[in-house]
Undergrad: 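Following this message is one structure expressed as structure tokens.
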Amino acid sequence: MPYTAPVADFRFLFEHVVDLGQVTSQDRYADATADVIDAILTEAGRVCEEVIAPTRRAGDTDPARLENGVVRTSKGFKEAYAALAEGGWVAVAAGQEHGGMGLPQAMATAVNDMLSAANLSLQLCPLLTQGQIDALEAWGTEELNALYLPKLISGEWTGTMNLTEPQAGSDVGAARAKAEPNGDGSFAVSGQKIYISWGDHDVAENVCHLVLARLPDAAPGTKGLSLFMVPKYIPNEDGSLGPANDLRVVSLEEKLGLHGSPTAVMEYDGAKGWLVGEEHGGIKAMFTMMNNARLGVGAQGVGVADGAYQHALAYAQDRSQGKSKIEGATGSIVDHADVRRMLASMKADTFAARAIALACGVAIDMSRATGEAEWEARAQLLTPIAKAFGTETGIRVANEGVQVHGGMGFVEETGAAQFLRDVRVTAIYEGTNGIQAMDLVARKMMDGGEAAFALLDEIEAFAETARADMPDLAEPVWQATETLRETVEWLVATEDMNARFAGSMPFLMGFARVLGGYYHLRAAKADPEGSHARLARFYITRLLPEHTGLLAHARGGADDLYAITPDDLAA
Ligand SMILES: Cc1cc2nc3c(=O)[nH]c(=O)nc-3n(C[C@H](O)[C@H](O)[C@H](O)COP(=O)(O)OP(=O)(O)OC[C@H]3O[C@@H](n4cnc5c(N)ncnc54)[C@H](O)[C@@H]3O)c2cc1C
């Protein structure tokens with residue numbers, strides 16, 4: 001089933017829902033004219049449809065494998081990656097100084113969304129490179145950046161992130177990898193890192209690892225971590241490849257899905273590395289990469305949701321089973337009310353998650369362009385929501401996609417199951433969704449809820465203007481925003497962090513539900529007689545009400561939860 005890039009949807013969202021115009025009117029993004037944006041979306045869409053999507057199945061049926069210490073990737077990946085690199089699609093938001101297009105992050109998010117729908121396993125490779133580029137642009141020395149950035153941006157080299165160790169998963173501060181100064185400005189990095197995505201491969205000539213490790217005098221915990229650039233091949237000053245570094249792939253993981261993405265156990269044995277950022281300032285520098293990747297992973301969820309939806313819709317249009325009595329019935333299962341409900345939910349949720357991801361991109365762009373603290377705070381607030389809601393949507397929609405297929409969803413032949421297996425990990429990596437939710441109710445509320453309240457004010461102001469012409473849609477959105485406001489007030493007034501954490505995931509999902517209502521309302525206002533208004537009505541009347549239960553759960557505190565003892569759990 002061919003993939004169709006949702007170029008028209010992006011145009012609509014940028015124009016009517018997330019207001020990309022405010023970004024492109026800034027000097028920093030002056031080159032991103034309407035023509036450029038249109039051309040980029042169209043061409044990226046074409047590449048995804050014609051070059052990348054045809055390689056998706058091979059990523060499932062012909063997994064990456066380790067052969068004599070070298071990783072071989074799935075059939076067709078090398079050529080598809082080469083097309084991405086040649087087209088400049090690896091890093092569209094990278095700075096022009098080192099060869100990037102310098103486009104807004106919102107555009108990069110749209111491109112990542114389409115690439116993820118086309119082939120999630122392959123897309124993870126450039127996604128990690130993008131995060132690494134961001135970290136280097138913010139923290140790398142001039143010398144390091146002059147050597148690495150042009151190669152990463154062109155796609156000749158790729159980037160990885162190395163945080164996880166067997167005893168250090170969500171608790172990154174438990175990492176034990178070590179770095180000793182070599183006395184010549186470089187460091188000898190040693191230790192084992194696990195689950196390293198694209199830790200090795202054959203699609204590009206060098207793999208650049210950003211590794212968190214401890215210097216000899218380091219304090220325990222995250223405060224003692226430093227960040228190092230550790231390349232597979234140590235580059236010469238002119239950028240040509242020098243000797244192999246002292247690192248190796250120990251093994252590749254066998255996984256539920258995402259088989260085309262090599263997930264490596266890496267061993268560093270005194271490998272040469274160079275400091276990125278300050279000594280003991282590694283977690284701060286790595287956070288630049290992680291924030292970039294969190295939005296990127298949210299876009300992965302959205303892209304897969306779209307891919308799974310298109311797949312399910314095509315199947316449903318073709319499959320006939322029983323007869324619907326509705327007028328003008330086509331004879332396919334699309335006419336059955338329950339199938340129509342599933343398809344409408346999939347489409348409406350994908351729209352909401354996509355709008356949230358793009359709005360996060362816009363906030364990042366506005367923060368970069370204006371330097372205003374309010375935009376930075378908005379970007380910080382939206383990042384965990386975009387990550388967790390985007391990926392939960394990917395999983396839910398892909399799961400529903402299997403259901404739409406009936407038995408054919410459970411057999412591998414149709415490819416519906418691959419979407420679900422591949423996307424499942426997006427809720428786990430890049431900080432589990434539980435960790436995202438805790439970040440939202442703790443760190444992102446340290447401003448006393450200011451950033452959240454500013455966003456809620458914006459929603460209510462819009463709902464008030466929409467009330468006159470579409471009260472049936474505007475009123476529920478306004479009411480839901482008030483419930484969310486009360487919940488944020490409860491959160492910031494609750495000092496017991498465990499009470500906040502106990503309901504953090506429902507809070508995040510409830511917040512996303514309300515945001516989805518806002519973006520659907522904006523879409524309906526721009527297209528009052530069209531399909532956007534009909535989809536908005538479905539979302540607002542049937543999906544938005546979920547916020548009530550979610551936000552009540554969020555305010556429940558921790559007492560009843562901990563009243564269930566470990567013995568009760570085992571009973
Ligand atoms: C396919 C794949 C690719 C990956 N790629 C990379 C990569 O490129 N680089 C890299 O460094 N890592 C990578 N990872 C690792 C990934 O980021 C971790 O798996 C993830 O952060 C969770 O850590 P963990 O597996 O140790 O789970 P744990 O930390 O053991 O978590 C288990 C459960 O407990 C919860 N939990 C843990 N701590 C808390 C807490 N304090 N409060 C509440 N709940 C908590 C979690 O949410 C989760 O539900 C990858 C993982 C996979 C599966």
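In each ligand, atom 1 is the first atom listed, and ligand 1 is the first ligand listed. All heavy atoms count here, side chains included; hydrogens, waters and symmetry mates do not.
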Undergrad: Considering only non-hydrogen protein atoms, determine which one is nearest to atom 39 (C) of ligand 1 and report residue, atom name and distance to 0.1 Å.
TA: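 That would be I435 CD1, 3.9 Å.
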Undergrad: Short check: is a protein heavy atom less than 4.0 Å from atom 35 (C) of ligand 1?
TA: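 So atom 35 (C) of ligand 1 lacks protein heavy-atom neighbours under 4.0 Å.
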Undergrad: If we count only non-hydrogen protein atoms and require a distance under 4.0 Å, does atom 17 (O) of ligand 1 qualify as touching the protein?
TA: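 When distances to the protein are checked, atom 17 (O) of ligand 1 has a heavy atom within 4.0 Å.
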Undergrad: Of all the non-hydrogen atoms in the protein, which one sits nearest to atom 15 (C) of ligand 1, and at what distance?
TA: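 Looking only at protein heavy atoms, the one closest to atom 15 (C) of ligand 1 is T164 OG1, 3.3 Å.
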Undergrad: Quiz question for you: does at least one protein heavy atom lie closer than 4.0 Å to atom 4 (C) of ligand 1?
TA: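 Yes.
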Undergrad: For R421 and D60: C-alpha separation, side-chain torsions, deciding distance, then whether salt bridge (Lys or Arg N to Asp or Glu O under 4.0 Å) applies.
TA: CA-CA 10 Å; R421 288 186 290 96; D60 202 40; 2.6 Å; yes
Undergrad: With a heavy-atom distance limit of 4.0 Å, tell me whether V425 approaches ligand 1 through its side chain, its backbone, both, or neither.
TA: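 The side chain, only.
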Undergrad: Between G434 and ligand 1, is there a nitrogen or oxygen pair with a distance under 3.5 Å?
TA: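 Min N/O separation from ligand 1 is not below 3.5 Å for G434.
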Undergrad: More than 12 foreign heavy atoms under 6.0 Å from CD of E253: is that the case here?
TA: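 Buried by this count: over 12 neighbours within 6.0 Å.
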Undergrad: Considering heavy atoms of the protein only, find what lies nearest to atom 24 (P) of ligand 1 and give residue, atom and distance to 0.1 Å.
TA: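 Among all protein heavy atoms, the one nearest atom 24 (P) of ligand 1 is G169 CA, 4.0 Å.
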Undergrad: For ligand 1, find out whether one of its N or O atoms is nearer than 3.5 Å to an N or O atom of S197.
TA: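 Yes; at least one N/O pair falls below 3.5 Å.
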Undergrad: So, 4.0 Å and heavy atoms of E430: is ligand 1 close enough to count as a contact?
TA: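 Per 4.0 Å heavy-atom rule, E430 contacts ligand 1.
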Undergrad: Looking only at heavy atoms, which two atoms of Y3 and A53 are closest? And how far apart?
TA: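 It is CB-CB, 3.9 Å.
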Undergrad: Does ligand 1 have a heavy atom under 4.0 Å from the side chain of M438, from its backbone, from both, or from neither?
TA: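 For M438, only side-chain atoms sit under 4.0 Å from ligand 1.
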Undergrad: For atom 9 (N) of ligand 1, what's the nearest protein heavy atom and its distance?
TA: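 The closest one turns out to be M161 O, 2.8 Å.
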Undergrad: Is there a side chain to side chain donor-acceptor pair (under 3.5 Å) between D62 and S74? Walk through the geometry before answering.
TA: CA-CA 5 Å; D62 176 32; S74 311; 4.9 Å; no
Undergrad: Classify the ring geometry between W157 and Y148 as parallel (under 30°), tilted (30 to 60°) or perpendicular (over 60°).
TA: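 Perpendicular: the ring planes of W157 and Y148 meet at over 60°.
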Undergrad: Going by distance only, is there an N or O of L258 that falls short of 3.5 Å from an N or O of ligand 1?
TA: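 Such a contact does not occur with ligand 1.
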Undergrad: Can you pull out the closest protein heavy atom to atom 20 (C) of ligand 1? Residue, atom name and distance to 0.1 Å, please.
TA: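 Closest protein heavy atom to atom 20 (C) of ligand 1: I428 O, 3.6 Å.
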Undergrad: Taking non-hydrogen atoms only, is K255 closer than 4.0 angstrom to ligand 1 via side chain, backbone, both or neither?
TA: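 Side chain only.
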Undergrad: Answer yes or no for atom 49 (O) of ligand 1: protein heavy atom present at a distance under 4.0 Å?
TA: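 No; the ligand atom in question lacks any protein heavy-atom contact below 4.0 Å.
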Undergrad: Decide yes or no for L508 and N433: does some side-chain heavy atom of the first lie under 4.5 Å from some side-chain heavy atom of the second?
TA: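 Answer no - side chains too far apart.
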Undergrad: Nearest to atom 38 (N) of ligand 1 by heavy atom, S121, S170, G431: which?
TA: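 Among S121, S170, G431, the closest heavy atom to atom 38 (N) of ligand 1 comes from S170.
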Undergrad: Spell out, as yes or no, whether a donor-acceptor pair under 3.5 Å connects the side chain of R513 to the backbone of E546.
TA: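 Not a single qualifying donor-acceptor pair exists.
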Undergrad: How does T432 reach ligand 1, by side chain, by backbone, by both or by neither, if only non-hydrogen atoms under 4.0 Å count?
TA: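 Answer for T432: side chain.
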Undergrad: Centres of the F77 and H201 rings: under 6.0 Å?
TA: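 So the answer is no for these two rings.
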Undergrad: Counting only heavy atoms not in R176 (residues, nucleotides, ligands), do more than 12 fall under 6.0 Å from its CZ?
TA: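 No, the 6.0 Å shell around CZ holds no more than 12 heavy atoms from other groups.
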Undergrad: What protein heavy atom sits nearest atom 13 (C) of ligand 1, and how far away is it?
TA: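 For atom 13 (C) of ligand 1, the nearest protein heavy atom comes out as Y195 O, 3.1 Å.
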Undergrad: Is it true that atom NE2 of H553 has more than 12 heavy atoms of other residues, nucleotides or ligands lying nearer than 6.0 Å?
TA: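 Open: at most 12 neighbouring heavy atoms sit under 6.0 Å from NE2 of H553.
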Undergrad: Tell me whether R354 forms a cation-pi arrangement with Y309, defined as NZ or CZ under 6.0 Å from the six-membered ring centre and within 45 degrees of its axis.
TA: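 No, cation not above the ring by the 6.0 Å, 45° rule.
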Undergrad: Less than 4.0 angstrom from a charged side-chain N to a carboxylate O is my criterion; do D202 and K78 meet it?
TA: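 No, no charged N to carboxylate O under 4.0 Å.
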